[in-house]
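Below, chains carry the letters A, B, ... as their sequence lines are ordered, and counting in each starts from 1.
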2 protein chains.
Amino acid sequence: MNAWPKGMKRTKSRVAIYKVLEAASQPLSPKEIHARINQGDFWLSTVYRVLGQFEQEKMILRIAGMDVNHTLFELNRHEHKHFAVCVGCHQRFELDDCPIHEDVHVQAEGFEITEHRVEVFGYCAECLERMRSSKVKHDA
Amino acid sequence: MNAWPKGMKRTKSRVAIYKVLEAASQPLSPKEIHARINQGDFWLSTVYRVLGQFEQEKMILRIAGMDVNHTLFELNRHEHKHFAVCVGCHQRFELDDCPIHEDVHVQAEGFEITEHRVEVFGYCAECLERMRSSKVKHDA
DNA sequence: TCCCACTTGCGAAACATTCGCATCTGGATA
DNA sequence: TATCCAGATGCGAATGTTTCGCAAGTGGGA
């Protein structure tokens with residue numbers, strides 16, 4: 001828990017939420033975060049507020065899953081990474097490297113790029129296998 | 001209005017919604033679509049239902065804007081295109097070509113890619129100009 | 001230790017989206 | 001063309017997520 005913005009108080013809820021995000025291997029929804037810290041007793045609205053502040057301070061990243069209208073958050077580990085999301089099981093797998101090269105060209109004179117988002121969707125090996133075997137059963 | 005899936009009735013609401021999407025130059029939210037067709041009287045829940053069906057039939061595409069948790073829809077013109085979105089004015093500008101090449105490599109044996117999403121964010125020339133001039137005023 | 005600006009508890013409110021069911025209607029068929 | 005019915009819509013309630021308001025509580029600087 002380095003990189004704590006000066007001026008931000010280390011309150012119980014903030015520290016608890018930060019720890020949950022730090023320990024998570026996959027991005028979490030506000031509800032999941034709330035569930036994971038809630039041996040204590042924090043309010044869901046507080047979780048939202050804290051996540052909002054963390055996001056402003058760029059401590060965390062807000063991402064959209066395949067199904068829009070479920071927001072997820074993850075710690076900003078300050079790495080430039082993109083992911084492949086399995087449509088079957090929602091697991092996320094890192095891409096070896098950023099597929100966007102420097103030569104992106106926008107059809108608008110003077111557009112200044114600050115950021116980009118890349119997401120790849122598909123099926124992981126297990127889900128492919130599961131689909132194949134259930135298909136065999138149905139066909140038989 | 002070609003490409004109408006056979007088996008899908010041409011009801012008033014469906015036709016109206018389709019026309020709105022066909023005429024739109026930018027993706028629209030369900031509410032905007034509802035507003036644009038509503039010289040007649042369609043129900044917002046109907047708009048959602050119809051959009052869901054259109055999406056299933058792959059007649060339209062559902063996309064996430066810069067602020068996640070605001071869903072937008074646009075007609076599927078069956079072109080492979082990506083966009084740069086201006087963070088200032090939310091206008092969308094087409095990219096010259098898809099920056100994703102064939103060599104995407106996922107760190108998961110056997111992952112099968114079916115789809116990808118690329119979005120670039122930044123500022124268009126007008127917004128940059130606007131920011132510059134207002135900054136000058138403040139600095140003065 | 002005191003103090004106060006910033007946080008949180010708590011619940012209500014504001015949204016977006018989905019669901020249920022009675023009624024209606026497009027379009028296949030006679 | 002008239003009839004019929006599976007599927008579509010009107011309508012509003014329900015659900016789920018996210019934000020807001022305000023009184024009470026608390027971290028951390030003086």
Side-chain angles (χ1 to χ4, degrees), chain A residues 1-21 26-57 59-74 90, chain B residues 1-21 26-57 59-74 90:
Chain A
M1 202 181 324
N2 29 19
W4 194 273
K6 62 169 268 201
M8 177 173 282
K9 287 186 186 173
R10 286 169 189 271
T11 62
K12 284 178 205 141
S13 49
R14 295 218 257 244
V15 170
I17 292 169
Y18 191 95
K19 282 188 179 165
V20 166
L21 288 167
Q26 299 270 322
L28 301 173
S29 71
K31 249 171 75 178
E32 285 169 323
I33 295 168
H34 181 240
R36 293 196 186 187
I37 59 175
N38 236 12
Q39 66 261 58
D41 24 23
F42 298 99
W43 220 247
L44 187 53
S45 50
T46 299
V47 173
Y48 275 101
R49 275 191 286 224
V50 169
L51 289 172
Q53 295 151 351
F54 281 3
E55 195 191 4
Q56 274 205 321
E57 299 293 337
M59 296 162 70
I60 62 176
L61 301 171
R62 177 195 293 258
I63 64 179
M66 170 93 251
D67 72 337
V68 182
N69 84 317
H70 219 204
T71 316
L72 303 177
F73 293 88
E74 68 181 337
H90 294 165
Chain B
M1 204 183 323
N2 29 20
W4 194 274
K6 62 170 268 204
M8 177 175 280
K9 287 186 187 172
R10 285 169 191 272
T11 62
K12 284 178 206 141
S13 48
R14 296 219 257 243
V15 171
I17 291 169
Y18 192 95
K19 282 188 178 163
V20 166
L21 287 166
Q26 299 270 321
L28 300 174
S29 69
K31 249 171 75 179
E32 283 168 325
I33 294 167
H34 181 243
R36 294 196 186 189
I37 59 175
N38 236 15
Q39 69 260 59
D41 24 22
F42 297 99
W43 219 246
L44 186 53
S45 50
T46 299
V47 173
Y48 275 103
R49 274 191 286 225
V50 170
L51 289 172
Q53 294 150 351
F54 281 4
E55 194 191 4
Q56 273 205 322
E57 299 293 338
M59 298 162 70
I60 62 176
L61 302 171
R62 175 196 293 259
I63 65 180
M66 170 92 250
D67 72 338
V68 182
N69 84 319
H70 217 206
T71 317
L72 303 177
F73 294 88
E74 69 182 336
H90 293 166

Checklist entry - What pairs with E74(A) under side-chain hydrogen bond (donor to acceptor under 3.5 Å, both in side chains), at least two apart in sequence or on another chain? => result none
Item to check | Partner residues of K12(B) under the side-chain contact (heavy atoms from CB on, under 4.5 Å) criterion, sequence neighbours left out | outcome: F42(B)
Item to check | Under-4.0 Å side-chain N/O to phosphate OP1/OP2 contact, Y48(A) with dT18(D) | outcome: yes
Checklist entry - Who passes side-chain hydrogen bond (donor to acceptor under 3.5 Å, both in side chains) against E55(A), sequence neighbours left out? => result R62(A)
Checklist entry - Would you call the rings of Y18(B) and F54(B) parallel, tilted or perpendicular, where under 30° means parallel and over 60° means perpendicular? => result perpendicular
Item to check | Separation of dG27(D) C1' from K6(A) NZ (nearest whole Å) | outcome: 16 Å
Next on the checklist: Nearest whole Å is fine: how far is dA8(D) P from F54(B) CZ?
Outcome noted: 11 Å
Item to check | N or O in side chain of S29(B) less than 4.0 angstrom from dA16(C) OP1/OP2 | outcome: no
Next on the checklist: From NZ of K31(A) over to P of dG16(D), roughly how many Å is that when rounded to an integer?
Outcome noted: 7 Å
Anything under 3.5 Å between a protein N or O and an N or O of nucleotides 3-8 of chain C, put it in a table, one pair a line.
residue	atom	partner	partner atom	Å
dT7(C)	OP1	R14(A)	NH2	2.8
dT7(C)	O5'	R14(A)	NH2	2.8
dT8(C)	OP1	T11(A)	OG1	2.7
dT8(C)	OP1	S13(A)	OG	2.2

Checklist entry - By side-chain contact (heavy atoms from CB on, under 4.5 Å), which residues pair with Q26(B), not counting sequence neighbours? => result R92(B)
Checklist entry - Over how many whole Å does the gap from Q56(B) atom CD to dG7(D) atom P extend? => result 14 Å
Checklist entry - When the C1' atoms of the five terminal pairs at each end define the local axes, what inter-axis angle does the helix from dT1(C)-dA30(D) to dA30(C)-dT1(D) show, to 10 degrees? => result 30°
Next on the checklist: Under the side chain to side chain contact (heavy atoms under 4.5 Å, CB included) test against I17(B), which residue among T11(B), I37(B), I60(B) passes?
Outcome noted: I37(B)
Checklist entry - Does a distance-only test, which skips hydrogens and angles, find a donor-acceptor pair under 3.5 Å between the side chain of S45(A) and the base of dG9(C)? => result no
